[in-house]
Amino acid sequence: MTKIFKVGLIGCGHISETYFRAEKYFNNIKIIKCADINHNNALKCAKIYKIKALTVQQLLKDKEIEIILNLTIPKAHYKVAKQSLLNGKHIYSEKPLAINFKDGKELINLAKKNKLYIGNAPDTFLGAGIQKSKELLEKKIIGKIILGNAVFAFPGVQSYHPNPEPWFAKKEGGPVIDMGPYYLTALVNLLGPAKKVTGSIVNGKKTRTIGIGPKKNKKFKVKCPTSYLSTITFHNGSVIHLTLSFDVIAHQNNHIELYGDKGSMIVPDPNMFGGSVFVCKNLGKPWKEYKTNKLPLGRINIRSQSSRANESPTNANYRGAGLSEMAFSMLNKKNNMCNGELSLHVLDIIKSIMHACKSGKVKFIKTRCKKPKIFKISDIKQILN
Ligand SMILES: NC(=O)c1ccc[n+]([C@@H]2O[C@H](COP(=O)([O-])OP(=O)(O)OC[C@H]3O[C@@H](n4cnc5c(N)ncnc54)[C@H](O)[C@@H]3O)[C@@H](O)[C@H]2O)c1
């Protein structure tokens with residue numbers, strides 16, 4: 001029987017339900033205690049999942065807990081992760097690693113110094129959709145990637161999130177910090193590390209109205225740019241145009257399209273685990289579909305619209321895979337896939353996009369990471385129930 005790691009949850013909000021669901025899919029993680037800066041949220045969570053609610057300080061010092069799962073808001077990721085590492089706990093946080101590069105780097109150094117694991121979402125790139133794309137690209141099915149387009153554009157979370165203000169806050173707000181991690185992690189996974197970035201910003205509506213919950217109809221101020229149009233050059237020579245926007249009512253672009261010297265590829269949604277990959281090798285010829293819905297971490301596990309608006313009724317969502325893979329890596333003393341080096345590089349690109357787009361200047365990326373390896377089906381099977 002495999003070891004089941006005892007996980008302590010800090011931050012009992014919207015996304016926590018998805019991680020409790022993950023315990024059913026994966027064989028080596030169990031959330032046994034929870035805490036929140038708002039203790040009522042912890043009590044509510046503890047009641048639903050029949051676990052114990054503690055204060056944040058009690059949880060950080062709890063001897064039973066081996067890994068802290070940090071599902072707080074982006075601005076709190078650094079503080080909670082740092083406290084966890086200082087208390088001798090391994091840490092896995094939701095994206096992004098931190099909201100400042102300096103803080104992210106400090107966390108990576110602290111984990112290294114204390115010989116603790118650090119893991120970070122997104123883990124969606126471990127899903128069958130992005131992994132199938134990677135497998136086909138590595139077989140050179142569309143040759144060398146010359147250029148591409150990636151688009152995340154929607155009207156913003158205010159209509160379906162009861163506390164949307166952090167998405168529009170001065171420092172940690174905006175679509176690059178929020179959705180950039182999915183697109184950039186997928187692109188680094190497919191193309192390798194990024195070298196430089198240029199771009200520009202567009203500002204949308206200055207006030208938004210909350211559409212749900214106790215603050216419904218309350219207006220609040222937008223304190224950050226809400227659209228970023230960037231161009232990223234990767235070390236392998238590929239140039240990708242990335243649009244990230246909270247100002248678009250609707251569009252019909254694909255999430256990611258890659259254009260190689262032998263054909264084109266449509267990569268499925270990097271915010272989810274499944275989806276088909278499409279390839280076209282001749283102008284005017286039909287696109288070939290590579291389905292992933294029968295592969296592990298690609299099977300549809302959502303069949304009804306959940307409260308999370310970005311989960312469509314039929315989708316594959318295995319968030320928690322990165323946490324489970326980290327636990328497996330801890331046991332087998334190997335590097336985890338959603339590791340600190342990768343998430344720091346992604347944070348570096350995020351901050352570089354924001355800087356380059358606001359200043360209009362070219363920004364060179366300071367860090368470099370290894371291109372992630374394929375997540376082998378034999379490895380996936382080891383962590384699945
Ligand atoms: N909501 C989604 O659909 C979704 C999807 C994927 C990833 N995420 C990520 O998950 C994280 C959490 O998002 P959410 O939507 O659950 O947010 P949320 O606002 O619903 O919940 C966050 C919780 O963290 C608590 N918290 C805040 N600061 C804290 C601190 N310093 N110490 C302890 N607790 C603290 C809050 O009280 C709240 O209960 C974010 O990083 C977000 O980017 C969210």
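Each ligand, and each atom within it, is numbered from 1 in the order the structure gives. What's counted below: heavy atoms across the whole structure, side chains too, no hydrogens, waters or symmetry copies.
Among Q83, K79, H161, the residue whose heavy atom sits closest to atom 17 (O) of ligand 1 is H161. The option from N70, I37, N38 that lies nearest to atom 33 (C) of ligand 1, judged by heavy atoms, is I37.
If you look at K95 next to ligand 1, the close heavy atoms, those under 4.0 Å, come from the backbone and the side chain alike. Looking at K75 against ligand 1, nothing comes within 4.0 Å, counting heavy atoms. Contacts with ligand 1 closer than 4.0 Å are made by no heavy atom of T18, backbone or side chain.
By the 4.5 Å heavy-atom criterion applied to side chains, E94 and Y19 are counted as neighbours.
Taking CD1 from I380 and OG from S324, the interatomic distance works out to 11.0 Å, rounded to the nearest 0.5 Å. Atoms CD and NZ, from Q58 and K33 in turn, are 9.5 Å apart once rounded to the nearest 0.5 Å.
In this pair, F152 and F246 present their aromatic rings perpendicular. The plane angle is above 60°, beyond the 30 to 60° band.
Heavy-atom separations between D36 and ligand 1 include at least one value shorter than 4.0 Å. Residue contact annotation: Y160 has no non-hydrogen atom under 4.0 Å from ligand 1.
Listed by chain and number, the residues in a side chain to side chain donor-acceptor pair (under 3.5 Å) with E135 are K132, K139 (sequence neighbours excluded).
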